[in-house]
Amino acid sequence: MTTENTKPVLVRMPPSPTGGLHLGTARTALFNWLFAKKNGGEIIFRWEDTDLERSKKEYETQILEGLKWLGMDFEKEAKAFYRQTECAETHQKYLAKLWEEGKVFPCFTTQEELQEIRDQAAKSRENFVFWSPFRDLPREEAEKKMQNGEKFVWRLKVEKNRWITFKDLIRKKVAVNTDTLGDFAIARSDNSVLYYLANVIDDWTQGVTHVIRGEDHISNTPKQILLYEALGAEMPKFGHIPLVLDKNKKKLSKRNVDPEICVLISDFQKQGFIPEGVVNGLVFLGWHPKTTEEIFSLADLEKIFDLKNVNAGAAQYDFEKMKWFNAHWMRKVEIERLQQYFAGFSGKTIDLKFLELAREKAKNLAELDNELEYLVSDPGFDENLFVHEKMGLDIEHGKKTCQIIHDLLADLDESEFSREKLREICVAKIAELGWKNGPFMWPFRVALSNRSGSAGPFEIAEVIGKDETLKRLERASS
Ligand code: GLU
């Protein structure tokens, strides 16, 4: 007990590789990661791969790569990185010990009998709770049945009508009566241990101090507390982070939402999100800094994250807000990083000067790709773009204006071709002509971008350079 406060923090991330990287799992990883970093602790990573049928190598890759993309390289940073299937011997050793001590028993109730009890409970609208008729079977009789090859599962012999309470790090006190649990299964007849027990043995033998996981696991905790007790193991602290709900207040699932809405980390990658944007959005699914500040990098969060600021109430997923965070980070992230992200997304390595300009208008990498189009290559020109009804501009006016601008810029030295200098010269010309800005700037801009919406003409001219600017103006004027 006395060592409890002095023991260094050790958390764990134990995903089951039975699907892609869901944002809920990514958020659990993030909260564990941040908690460990903030408290000078460490983290272990464990593949809970005991469900051999559903566990797949490709999901392992997706999960690990997705977490790495977000900035959490578990393979490199975890104190231990291993598979639950490698621990089978340890699991069996403790199962045997529990049997030796009479804390677990083989239960011979068949699947059909169990189903009947389950149906009966459903009919009378009661929760299914199973107390095994074999819990007090004398050991010799049980052994005889096992030797005779009767089918069974291992169950924990649960004490009846006892309150299990624990102080959750997020939702304070939780109390559950064992009468709602029954004698639950912990291992198969081949001694392969099921989730509840495997998870407890692994966390305990690794010395995990804090179990931080999704609220969907809160009903497992009282059962696992009973297992810690049965093993005589030191209990970790538990913290259950709130569920993520969709806008219909249902648990967020890929199946229930609009396909445009990202749920898997790979969805975000496909849509051109950048890691900083996704991390910033993820942390706000349940955590709040209790200030008005909203923009945080992973490095910032590693310094300030506190479980005290995680809400107990469910988090509402707002995809628009995720986009908002991403748009912010598109402008804020280091330009070299953006270059890398864009190369990963599109396979194209783009000169920084183009990226600097294009990112001002792009909320994600797909928009960046679109915005770069007229900068990195000649977009051609459609003279109908000259027409602007509100300003009363037609094609003739456009051509004439482009000629004026072409002549104005033709003698400029390449070294003077900056947005500031171009603005200065053009402003003087507009004054000389006695025009308003619009009739001058509109043809200039569309001639350079071939779009009705784009970056400004001075900025485009600066990054595409003098020759390309003059070439586009000349084409538009003829
Ligand atoms: N393998 C479990 C899961 O992926 C881990 C649950 C836990 O954190 O205890 O849901």
Side-chain angles (χ1 to χ4, degrees), residues 9-36 41-64 66-67 72 74 78-88 91 164 166 168-171 174 176 184-187 192-228 231 233 235-244 251-254 263-265 285-286 307 310:
V9 163
L10 181 65
V11 293
R12 29 69 112 197
M13 180 61 202
S16 304
T18 52
L21 181 57
H22 186 281
L23 65 82
T25 311
R27 183 195 56 164
T28 302
L30 179 64
F31 283 15
N32 275 286
W33 179 276
L34 297 176
F35 183 76
E42 290 191 281
I43 191 159
I44 59 171
F45 190 96
R46 175 172 73 235
W47 287 121
E48 295 210 327
D49 57 348
T50 48
D51 185 340
L52 300 177
E53 252 164 56
R54 292 174 59 227
S55 296
K56 296 221 161 67
K57 193 86 201 144
E58 70 197 75
Y59 294 138
E60 288 187 6
T61 310
Q62 277 178 35
I63 293 170
L64 209 55
L67 292 173
M72 296 177 277
F74 283 94
K79 181 180 183 223
F81 188 100
Y82 65 105
R83 311 181 158 273
Q84 192 154 60
T85 43
E86 290 163 4
C87 309
H91 298 159
I164 313 277
F166 66 99
D168 191 276
L169 295 166
I170 294 159
R171 55 207 60 238
V174 180
V176 173
F184 58 92
I186 52 156
S192 62
V193 166
L194 298 170
Y195 161 75
Y196 297 124
L197 184 57
N199 186 265
V200 164
I201 294 174
D202 291 345
D203 285 347
W204 167 47
T205 51
Q206 286 286 336
V208 166
T209 58
H210 296 75
V211 169
I212 301 167
R213 58 186 175 188
E215 193 188 322
D216 45 339
H217 288 290
I218 203 163
S219 59
N220 299 335
T221 304
K223 293 181 180 173
Q224 294 193 311
I225 288 175
L226 290 173
L227 290 169
Y228 275 98
L231 290 162
M235 202 89 69
K237 292 198 164 100
F238 291 95
H240 292 89
I241 54 187
L243 291 178
V244 182
K251 196 178 157 202
L252 184 67
S253 133
K254 181 105 190 97
V263 174
L264 299 176
I265 297 304
L285 289 174
L307 276 183
V310 174

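What you see is a predicted model; the values in this text were computed from it and never measured. As the structure lists them, so they are numbered: ligands from 1, and atoms in each ligand from 1.
- Near Glu48, the atoms of ligand 1 lying under 4.0 angstrom from a non-hydrogen atom of the residue are 1 (N), 2 (C), 5 (C).
- Here the rule is side chain to side chain donor-acceptor pair (under 3.5 Å) with His91, and of Thr50, Asp202, Thr85 only Asp202 fits it.
- Where the criterion is an N or O separation shorter than 3.5 Å, residue side chain and backbone included, Pro15 fails it with respect to ligand 1.
- The protein heavy atom nearest to atom 5 (C) of ligand 1 is Pro14 O, 3.4 Å.
- Here the options are Val211, Ile241, Leu307, the test is side chain to side chain contact (heavy atoms under 4.5 Å, CB included), and the partner is Leu169; only Leu307 passes.
- Residues Asn199 and Arg12 meet the side-chain proximity criterion, which asks for heavy atoms closer than 4.5 Å.
- Interface of Arg213 with ligand 1, defined as ligand atoms under 4.0 Å from a residue heavy atom, comprises 7 (C), 8 (O), 9 (O).
- A salt bridge links Lys251 to Asp216: one of the charged nitrogens lies within less than 4.0 Å of a carboxylate oxygen.
- Under 3.5 Å, the side chains of Arg54 and Ser16 contain no donor-acceptor pair of N or O atoms.
- Comparing Arg12, Gln224, His217 against atom 9 (O) of ligand 1, the shortest heavy-atom distance belongs to Arg12.
- Ligand-side atoms of ligand 1 in range of Asn199: 7 (C), 9 (O), range being under 4.0 angstrom from any heavy atom.
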